[in-house]
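Heads up: numbering here begins at 1 and tracks the sequence.
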Amino acid sequence: MAATTLMGSPWLRIRLLPEVQPRLLRPHLRRTLSVRAAASPSPDGGGPVRVRFAPSPTGNLHVGGARTALFNYLFARSKGGRFVLRIEDTDLERSTKKSEEAVLSDLAWLGLDWDEGPDVGGEFGPYRQSERNSMYKQYAEKLMESGAVYRCFCSNEELEQMKETAKQKQLPPVYMGKWATASDTEIQQELEKGTPYTYRFRVPKEGSLKINDLIRGEVSWNLDTLGDFVIMRSNGQPVYNFCVTVDDATMHISHVIRAEEHLPNTLRQALIYKALGFPMPSFAHVSLILAPDRSKLSKRHGATSVGQYKEMGYLPQAMVNYLALLGWGDGTENEFFTIDDLVEKFTINRVNKSGAVFDAVKLKWMNGQHLRSFPPDVLIKSFEDRWKDTGILQESESGFAKEAAELLKDGIDLITDADAAISNLLSYPLHATLNSDEAKSVVQDKLSEVASGLVSAYDSGELCQALAEGRDGWQKWVKNFGKSLKRKGKSLFMPLRVLLTGKLHGPDMGGTVVLIHKAGTSGAVTQQSGFVDLDERFRILKEVDWESLLQEQESPAETAVPVSP
């Protein structure tokens, strides 16, 4: 019995029985070799680390693909290796240049810069599969010469009949045609007739293949479930598994880190590696990203592409941080990581083999954490620029935008949410609030008495004078106002919040009321902002018929706030 060790792969051995080398086999003979792979101690091997991310340009970059790219990037950077970008565009009907450009743009936005790729070149290009056809044909011919593949002249009808027969016998749908053992004469006859043919790989009838996956541990397959498989179609186009193997081998990829849905492909690829005498890379298959219902994440669950989250206002720093935590952790309770932190701490052995659930709420929370980690001046300017771009604010020397940003920043998780936050601040939905069930207890706590005192303070100019002095002026005034009504704490501040802001909840009330006053005097707020100034607020407030409101809350037949005649 002879043991053949794959070059560059101390963790994988394939044993061939009997002791016959594939190149000595005649093309028409059927191999009856048993293939067995056994794990050896070290999965890392020596040599330089080279990893690749190989998207198909047939759509947008899915968050699952982005996480795969990120894990490859982090592994390469943490090992001082190379991160290769390869475009798998052999699906000519669905691949588009626009999609390729979008994928590259999304990867660049995430900060995952690649060392080799279609746009930057490299030693092992070209980096688009569509530009590598001559190489695939060269290696296919090499396999033909060695007897590892053979020409298959079966028609589609014959192949379908084989599938149906296997199904009836409850057998795996393996190839059962005659061309694996056809004579030279039979093959020559078909060639002379011009019959289309594929290149089909000879798979040993017996044995198993076993690998030590860096994430999933030992994985094995029985070869009798596979059957001879096609590597080149009758139109001359190479098949995915053949392309990937040739590409990874000729680009000297040391570690293949990819989604678990590619795990079944490993068997075919390992056989091709062996037949071509290529070194075998280490494999690591990352679990799928799941939806909250634990099904595979798809469009029906909401946004799933990186581009969509970019358009929604998410930060690349937050996307990278969150995607890294979908199946990986550093072993601590820490969840906040910059990309430099991740490079420093990432190890493949801490990637979990179970599926990770994509939680959009958690992602948004994490985005807020990264947003608020910006230097204060940068954060404030980003809000200010946003409000000016959307037409809510206009140029002003009043400092209104800065004060608004400081007041609202803790409640904003997405930069795009800043619009709603400031619009909410500037609005005055008093009628809707007073009619709400939540406001009943506030209304019934003699809210009309607080309103009467507040109107008097406004009409006398006392309230506006206090607000003009900023927060200090507000605090002095509200303290004296509370004493005059013999109210303090929640019984004072909740009524004031409702009457002055028209809402039951919001940011710091003192800062809010001072800003509302400033919005009316600074000229910073545009007409389209929906701003209701203090004059208009008190006009609305004076029109409330408190007696009727209380009666209707006791027997709620109407929904509108009563207004005095």
(request) Please lay out, stage by stage, how V51 and Y73 fare under the test side chain to side chain contact (heavy atoms under 4.5 Å, CB included). (result) CA-CA 8 Å; V51 301; Y73 173 88; over 6 Å; no
(message) Tell me whether E536 at atom CD has more than 12 heavy atoms from other residues, nucleotides or ligands lying less than 6.0 Å away.
(response) yes
(message) So that I can tick it off, tell me whether E100 and R128 are bridged by a salt bridge, with the cut-off set at under 4.0 angstrom between side-chain N and carboxylate O.
(response) yes
(request) I would like to know whether E384 and K402 meet salt bridge (Lys or Arg N to Asp or Glu O under 4.0 Å); could you show each step before the answer? (result) CA-CA 7 Å; E384 187 173 356; K402 180 180 179 180; over 6 Å; no
(request) Could you tell me if the ring centre of H370 sits under 6.0 Å from that of F336? (result) yes
(message) If I take atom CG from residue L430 and atom OG1 from residue T433, how far apart are they, to the nearest 0.5 angstrom?
(response) 6.5 Å
(request) Go through the steps for R50 and F83 under the test side chain to side chain contact (heavy atoms under 4.5 Å, CB included), then give the verdict. (result) CA-CA 6 Å; R50 289 177 58 82; F83 176 49; over 6 Å; no
(message) Contact between P507 and L407 at the side-chain level, heavy atoms closer than 4.5 Å - yes or no?
(response) yes
(request) Carefully, step by step, assess L485 and V450 under the rule side chain to side chain contact (heavy atoms under 4.5 Å, CB included). (result) CA-CA 8 Å; L485 295 177; V450 182; 4.2 Å; yes
(message) Quick one, L492 and V478 - any side-chain contact, counting heavy atoms below 4.5 Å?
(response) yes
(request) Flag the pair K381 and D377 as a salt bridge only when some basic side-chain nitrogen lies within less than 4.0 angstrom of an acidic carboxylate oxygen. (result) no
(message) Quick check: closest heavy atoms across E261 and L288, and the distance to 0.1 Å?
(response) OE1-CD2, 4.0 Å
(request) Could you go through the side chain to side chain donor-acceptor pair (under 3.5 Å) check for S452 and E449 one step at a time? (result) CA-CA 5 Å; S452 178; E449 292 183 5; over 6 Å; no
(message) Measuring from atom CZ of R216 to atom OG of S287, what distance do you get when rounded to the nearest 0.5 angstrom?
(response) 4.0 Å
(request) Check whether any side-chain N or O of Y314 sits under 3.5 Å from a backbone N or O of E311 as a donor-acceptor pair, and report yes or no. (result) no
(request) Considering non-hydrogen atoms only, spot the tightest contact between R537 and L425 and give its length. (result) NH2-O, 3.9 Å
(request) Mind listing the closest non-hydrogen atom pair of V351 and F71 along with its distance? (result) CG1-CE2, 4.0 Å
(request) Specify whether F358 and Y309 have parallel, tilted or perpendicular ring planes, treating 30° as the upper limit for parallel and 60° as the lower limit for perpendicular. (result) tilted
(request) Give a yes or no answer on whether the side chain of S78 reaches the backbone of V343 with a donor-acceptor pair at less than 3.5 Å. (result) no
(message) Just verifying a value: how many Å separate H62 NE2 and T68 OG1, rounded to the nearest 0.5 Å?
(response) 10.5 Å
(message) Quick check against the 3.5 Å criterion: does T390 have a side-chain atom that pairs as donor or acceptor with the backbone of R386?
(response) yes
(request) State whether the side chain of R471 and the backbone N or O of V514 hold a donor-acceptor pair below 3.5 Å, judged by distance alone. (result) no
(message) For the backbone of T501 and the side chain of K503, can you confirm whether one donor and one acceptor N or O come within less than 3.5 Å of each other?
(response) yes
(message) Within the 3.5 Å criterion, strictly below it, is a donor on Q551 or S548 matched to an acceptor on the partner's side chain?
(response) no
(message) I'd like to know if D248 and R52 make a salt bridge, using a cut-off of under 4.0 Å between side-chain N and carboxylate O.
(response) yes
(request) Mind running side chain to side chain contact (heavy atoms under 4.5 Å, CB included) on L290 and L297 for me, showing each step along the way? (result) CA-CA 5 Å; L290 306 176; L297 186 68; over 6 Å; no
(message) Under the criterion salt bridge (Lys or Arg N to Asp or Glu O under 4.0 Å), I'd like the reasoning laid out for R77 against D113: C-alpha separation, chi angles, the key distance, then a yes or no.
(response) CA-CA 10 Å; R77 294 291 178 261; D113 54 299; 3.5 Å; yes
(message) Checking the side chain of E88 only, and the main-chain atoms of S56 only, is there a donor and an acceptor separated by less than 3.5 Å?
(response) no
(request) Find out whether F481 and L496 are in side-chain contact, i.e. whether some heavy atom of one side chain is under 4.5 Å from a heavy atom of the other. (result) yes
(request) Please lay out, stage by stage, how Q129 and D247 fare under the test side chain to side chain donor-acceptor pair (under 3.5 Å). (result) CA-CA 8 Å; Q129 283 187 340; D247 289 343; 3.0 Å; yes
(request) Find the distance between CG (L315) and OG (S382) and round it off to the nearest 0.5 Å. (result) 8.5 Å
(message) Measuring from atom CH2 of W109 to atom CG of L61, what distance do you get when rounded to the nearest 0.5 angstrom?
(response) 10.5 Å
(request) Give the C-alpha distance, both sets of side-chain angles, the deciding distance and a yes or no for salt bridge (Lys or Arg N to Asp or Glu O under 4.0 Å) between K353 and E260. (result) CA-CA 9 Å; K353 65 181 179 181; E260 69 171 322; over 6 Å; no
(request) Give a yes or no on whether the backbone of S305 and the side-chain of Q308 come within a donor-acceptor separation of less than 3.5 Å. (result) yes
(request) For L447 and P495, work out which heavy atoms get closest and say how close. (result) CD1-CB, 3.5 Å
(message) Give me the atom names and distance for the closest heavy-atom approach of W114 to L104.
(response) CH2-O, 3.6 Å
(message) Nearest 0.5 angstrom please: R94 CZ to T90 OG1, how far?
(response) 10.5 Å
(request) Let me see the working for D330 and T332 under side chain to side chain donor-acceptor pair (under 3.5 Å), right down to the final yes or no. (result) CA-CA 6 Å; D330 70 345; T332 72; 2.7 Å; yes
(request) Take the angle between the ring planes of Y458 and F538 and call it parallel below 30°, perpendicular above 60°, tilted in between. (result) parallel
(message) When you compare the side chains of D341 and T338, does any donor N or O come within less than 3.5 Å of an acceptor on the partner?
(response) yes
(message) Taking E543 first and then R539, would you say they form a salt bridge - that is, a charged N and a carboxylate O separated by under 4.0 Å?
(response) yes
(request) Could you tell me whether the side chain of R258 and the main chain of F53 form a donor-acceptor pair under 3.5 Å? (result) no
(message) Is any side-chain heavy atom of V442 closer than 4.5 Å to one of R497?
(response) no
(message) I'd like to know if D445 pairs up with R487 as an ion pair, taking the criterion as any Lys NZ or Arg NE/NH1/NH2 lying under 4.0 Å from an Asp or Glu carboxylate oxygen.
(response) yes
(message) So does T58 get a backbone contact from the side chain of S95, meaning a donor-acceptor N/O pair under 3.5 Å?
(response) no
(message) Given 3.5 Å as the limit, does a donor-acceptor pair link the side chain of Y322 with the main chain of D359, or not?
(response) yes
(request) Locate the shortest heavy-atom distance separating R86 from M251; write the atom from each residue and the value. (result) CD-CE, 3.5 Å
(request) Decide if atom CD of Q237 counts as having more than 12 heavy atoms of other residues, nucleotides or ligands within a radius under 6.0 Å. (result) yes
(message) Under a 4.0 Å threshold between the charged nitrogen and the carboxylate oxygen, would R372 count as salt-bridged to D413?
(response) yes
